[in-house]
Number of protein chains: 2
Amino acid sequence: MTAPAHPTQPRRSDATRAAILRAARERFAADGYERATIRAIAADARIDPSMVMRYYGSKEGLFAAAAEFDLRLPDLTAVSPEQLGEVLVRHFLVRWEGDETLVALLRAASTNPGAAERMRGIFADQLTAAVAAFGTDPALTARRAGLVASQILGLAFTRYVVRLPPMVDAEPEELVSWIAPTLQRYLTGLPQT
Amino acid sequence: MTAPAHPTQPRRSDATRAAILRAARERFAADGYERATIRAIAADARIDPSMVMRYYGSKEGLFAAAAEFDLRLPDLTAVSPEQLGEVLVRHFLVRWEGDETLVALLRAASTNPGAAERMRGIFADQLTAAVAAFGTDPALTARRAGLVASQILGLAFTRYVVRLPPMVDAEPEELVSWIAPTLQRYLTGLPQT
DNA sequence: ACCGTATGCCAACGGCTGTTGACACACAAC
DNA sequence: GTTGTGTGTCAACAGCCGTTGGCATACGGT
């Protein structure tokens, strides 16, 4: 502890910490958890691998810090009910294209139990909460959130991870127009109507 | 070459080969490509790691053999047009629950480029072919197949890989009733109608 | 019986991994 | 200047990985 001025003065190492985090997110997103080595991340950040250990304790700790994520879901009660699906898909597409953290989490969740646990937390907590907010039948809330997650994660998986050509080539707005009705039904509809 | 009787007489090592393949599928499905070690697979199959190398050449070769997969899609032209979605979801659910190969491929595709390539091949070739068979607009065929893949893979990813509770708990038939209309629209509908 | 080959185990290699500890330098306080 | 602490580098460890080559054994054809 430097214990200088009052609560937290910016430390000189903050830039390094940030560089490590940025490099870690890139590598985790591109290679997944096990192939993203601490040595490679450190090289990207132009520092020594041992710095990563000092600042983040372990590879698991680094991933935990790099995979911190907030879906930043809009308040669904403020959205007109028939536009719920459209708003949600567009939000996710924007959120995904602009921040590689979720792709890192997605790739890592396939093989790393901790990452899967975190993914479960994000979609169980944040998404379920958003769905519950404009609450219809509470008994169906979890199922609706799960179904939305299945289509959203499937979209991300095919577009950003496996890179299926028809999903990569599609313009965002075309994807919105196809997928919005799906989410709309998962959120407000009933099965097989 | 033993070159005994006519074309291919069953060799004594076929049981070993099969044991290796079975163990490999299990490990790849449970742990993904990099965490599934040849040593662990060999231990499961109760043989020496070097046997894996002799019979499959390398880890990549073993995976290629273990991830051989046929979706066994039904002939969609023989299905009544309004039941396409339902038939397809049910087929995939059955196919998935009964064969861990696809889960292995799914997990591995997140981190292993070769596995991703194979996944692309399976869904680009087999699924696109099935969709093209009862052909509507050829220009839309690839997109329809991609969208179906996104929902199907999202279902598999949330249910078998990340294990989101609401997706794991759901009865197969309930999933069918929710997801069938989605596939139905991806296959025969138009965007945002 | 012999011989060639297929099958299997064992020990080891080189390489890469996460992680650690010792050491050098920079900066602020006094 | 001296001291102490934060920041960074370097070299090395122990462990696991895929992979290899040699050697024993069992089998099948003759």
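Side chains are part of it too, since the values below use all heavy atoms of this structure and drop only hydrogens, waters and symmetry mates. Residue numbers begin at 1 in each chain, while the letters A, B, ... track the order of the sequences.
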* Structure fact -> Scanning both residues in full, the closest heavy-atom pair of A:Glu34 with A:Asn112 reads OE2-N, 4.5 Å
Measure [atom1]/[X] against [atom2]/[N] and give the value in whole Å, please.
X: A:Ile47; N: D:dC10; atom1: CD1; atom2: C1'; answer: 14 Å
X: A:Asp31; N: C:dT17; atom1: CG; atom2: P; answer: 11 Å
X: B:Met53; N: C:dC13; atom1: CE; atom2: P; answer: 18 Å
X: B:Tyr56; N: C:dT7; atom1: OH; atom2: C1'; answer: 14 Å
X: A:Ile20; N: C:dG18; atom1: CD1; atom2: P; answer: 14 Å
X: A:Asp48; N: D:dC10; atom1: CG; atom2: P; answer: 7 Å
X: A:Arg17; N: D:dG8; atom1: CZ; atom2: C1'; answer: 13 Å

* How are the rings of A:Trp178 and B:Tyr186 set relative to one another: parallel (under 30°), tilted (30 to 60°) or perpendicular (over 60°)? -> perpendicular
* Asked: Parallel, tilted or perpendicular: which describes the rings of B:Tyr33 and B:Phe28, with under 30° parallel and over 60° perpendicular?
  -> parallel
* **Any donor-acceptor pair under 3.5 Å from A:Lys59 side chain to A:Ala36 backbone** => yes
* Would a distance-only check, ignoring hydrogens and angles, find a side-chain to backbone donor-acceptor pair under 3.5 Å from A:Arg120 to B:Leu164? -> no
* Asked: Starting at the 5' end of DNA chain D and moving along, which residue's nearest nucleotide shows up first, B:Glu60 or B:Arg54?
  -> B:Glu60
* Looking at the side chain of B:Met51, which of C:dG8, D:dT9, D:dG18 is the nearest nucleotide? -> C:dG8
* For the side chain of B:Lys59, starting at C-beta, report the closest nucleotide among D:dG18, C:dT20, C:dC10. => D:dG18
* Note: A:Arg163-B:Glu117 ion pair, threshold 4.0 Å (strictly below) -> no
* To do: Answer yes or no: does atom CD of B:Glu171 have more than 12 heavy-atom neighbours from other residues, nucleotides or ligands under 6.0 Å?
  => no
Which part of the nucleic acid, if any, lies within contact of [X], taking any heavy atom under 4.0 Å across all strands shown: a base, the sugar-phosphate backbone alone, or nothing?
X: B:Ser58; value: sugar-phosphate
X: B:Ser50; value: base
X: A:Tyr55; value: sugar-phosphate

* Asked: Which of residues 33-45 of chain A have a heavy atom under 4.0 Å from DNA chain D?
  -> A:Arg39
